[in-house]
Amino acid sequence: MPINAHPDYLAAEKEYSQADSLENKIEKLKKMISLAPSHKGAENLRAQLKTRLKKFQEQLIKAKKSGKSTQAGIKKGDLQVVIIGRTNTGKSSLISVLTNAKPRISSSEFCTKKPVVGISTHESIQIQLIENPAIESENYDKGLTNSADIVLILIKNFEELEKFQIQTPNQIIVFNEFKKIPENEKRKLTSKFQTKKYNFVFISTQTCSGIQELKKKIFEKFDKIRVYTKEPRKEKSPRPIILKKNSNVGEVAEKILKGFSKNVKETKIWGPSSKFPGQKVGLKHALKDLDVVEFKTR
Ligand SMILES: Nc1nc2c(ncn2[C@@H]2O[C@H](COP(=O)(O)OP(=O)(O)OP(=O)(O)O)[C@@H](O)[C@H]2O)c(=O)[nH]1
Ligand SMILES: [Mg+2]
């Protein structure tokens, strides 16, 4: 090793190579720079690292401005819900109630520094939930919120809501009851939410009250349909395919496999969009939630 680097530097280099987001890369690169050898022979190395750091920092500014997600490695699911809120509103608690994710839950502030991803299964479909780090922190990922199908805004009191600039038609206000709210108080809050035409639900991540109602609301809000597929003389698929509303038969085939629609010889359907069970339809036939589609290929 010509530059004679310290083992700490090599360890930092390894961490850098494993960094999964731009922010993370910058952090690790800074560490590498601080641990890089200071002798003359390593001048080139130090210069290279600094140039790289500058490049990443510029990329980050650009990404933040454009509102694109800077997180690598989160593959967007068909149904994606992002939880946002101020620190200590119970975002990590909520994602651990709803999904298989086990993030750290703590009364110390800004505990979650990177998005947490979890999967929730509801009526045989999988929903991807993500906890976005606290909205008032530098780790908050705006791009993630922008690309979500549904945004859950988690609050502990009504006043918190005033601080949110985000207003999307696909948001649900989730009021986390840290202390049980008396019924008369709840009625007052409910009318406040209703005046503002908010879609809202009261929950508690501790007692799990309201969690079923929240799941139902999430599910209803997706502008998607579930379509089962089957092969002739076989049972329908155990899991439905998720498609946007008004998708047609051709789009189902393409979702199974790109180019598959060209091989389809005949299609039969069962369910809400069919006139009768086993109706033969063309590729342009628009489907409805819970239809079953059977493809016969050439
Ligand atoms: N009493 C009560 N405490 C709760 C409830 N939900 C969360 N907490 C507590 O509130 C604190 C913060 O919870 P977290 O789930 O870590 O909050 P967070 O929004 O993820 O916080 P950061 O990621 O640090 O921004 C923890 O001490 C939780 O135990 C609730 O419904 N009732
Ligand atoms: Mg958290």
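Each ligand, and each atom within it, is numbered from 1 in the order the structure gives. Counting from 1, the numbers follow the sequence of the chain as shown. Worth saying up front: this structure is predicted, and the values here are computed from it rather than measured.
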Degrees at the Mg ion (ligand 2) between the OE2 atom of Glu131 and the OG atom of Ser92, nearest 10°: 90°

Point-to-point distance, once rounded to the nearest 0.5 Å, from CZ of Arg46 to CG of Asn44: 9.5 Å

Residue and atom name of the nearest protein heavy atom (relative to atom 24 (O) of ligand 1), distance in Å to one decimal: Cys111 N, 2.7 Å

Interatomic distance, Ile241 atom CD1 to Leu287 atom CG [nearest 0.5 angstrom]: 10.5 Å

2.8 Å cut-off met by an N, O or S atom of Thr87 to the Mg ion (ligand 2): no

Atom 21 (O) of ligand 1 - nearest protein heavy atom and its distance: Asn88 N, 3.0 Å

For atom 23 (O) of ligand 1, the protein heavy atom that lies nearest, with its residue and separation: Thr112 OG1, 2.8 Å

Under 3.5 Å: N/O of Phe178 near N/O of ligand 1: yes

Charged tip of Lys236 within 45° of Trp270 ring normal and under 6.0 Å: no

Full working for salt bridge (Lys or Arg N to Asp or Glu O under 4.0 Å) between Lys114 and Glu23: CA-CA 10 Å; Lys114 277 196 343 184; Glu23 276 104 336; over 6 Å; no

Any Ser108 heavy atom less than 4.0 Å to ligand 1: yes

SB check Lys217 Glu220 (cutoff 4.0 Å): no

Nearest neighbour in protein (non-hydrogen) for atom 17 (O) of ligand 1: Gly90 N, 3.2 Å

Nearest-0.5 Å distance, CG of residue Asn88 to CG of residue Leu154: 11.0 Å

N, O or S from Ser93 under 2.8 Å to the Mg ion (ligand 2): no

Intermediate values then yes/no, side-chain hydrogen bond (donor to acceptor under 3.5 Å, both in side chains), Thr87 and Glu109: CA-CA 6 Å; Thr87 188; Glu109 297 193 327; 5.4 Å; no

Heavy-atom nearest option to atom 2 (C) of ligand 1, drawn from Gln206, Arg104, Lys180: Gln206

Where ligand 1 meets Glu177 - atom numbers and elements under 4.0 angstrom, heavy-atom basis: 31 (O), 32 (N)

Phe200 CZ to Leu189 CG distance, which is reported to the nearest 0.5 Å: 8.5 Å

Closest contact, heavy atoms only, Pro240 versus Arg226: CB-CB, 3.7 Å

Atom 29 (O) of ligand 1: the protein heavy-atom neighbour that sits closest, reported with distance to 0.1 Å: Ile105 CG2, 3.8 Å

Test item, Lys179 contacting ligand 1 (heavy atom, 4.0 angstrom): no

Atom pair OG1/NZ of Thr267 and Lys265 - distance to nearest 0.5 Å: 11.5 Å

Nearest protein heavy atom with distance in Å, relative to atom 19 (O) of ligand 1: Lys91 NZ, 2.7 Å

Heteroatom proximity flag, Thr205 to ligand 1, N/O under 3.5 Å: yes

Between CD on residue Gln126 and CD1 on residue Ile242, distance to nearest 0.5 Å: 9.5 Å

Any N or O of Glu109 closer than 3.5 Å to N or O of ligand 1: no

Contact partition for Ser106 relative to ligand 1, non-hydrogen atoms under 4.0 Å: backbone

Under 3.5 Å: N/O of Ala134 near N/O of ligand 1: no

Verify same cluster id: Ile26, Leu35 (apolar side-chain graph, 4.5 Å): yes

Whether Gly85 lies under 4.0 Å from ligand 1, heavy atom: no

Protein contact to atom 7 (C) of ligand 1 [nearest heavy atom, distance to 0.1 Å]: Ser93 OG, 3.3 Å

Region of Asn176 that comes within reach of ligand 1 [heavy atoms, distance under 4.0 Å]: side chain

Identity and distance of the protein heavy atom lying nearest atom 25 (O) of ligand 1: Thr87 OG1, 2.7 Å

Between Glu177 and Ser204: side-chain donor-acceptor atoms closer than 3.5 Å: no

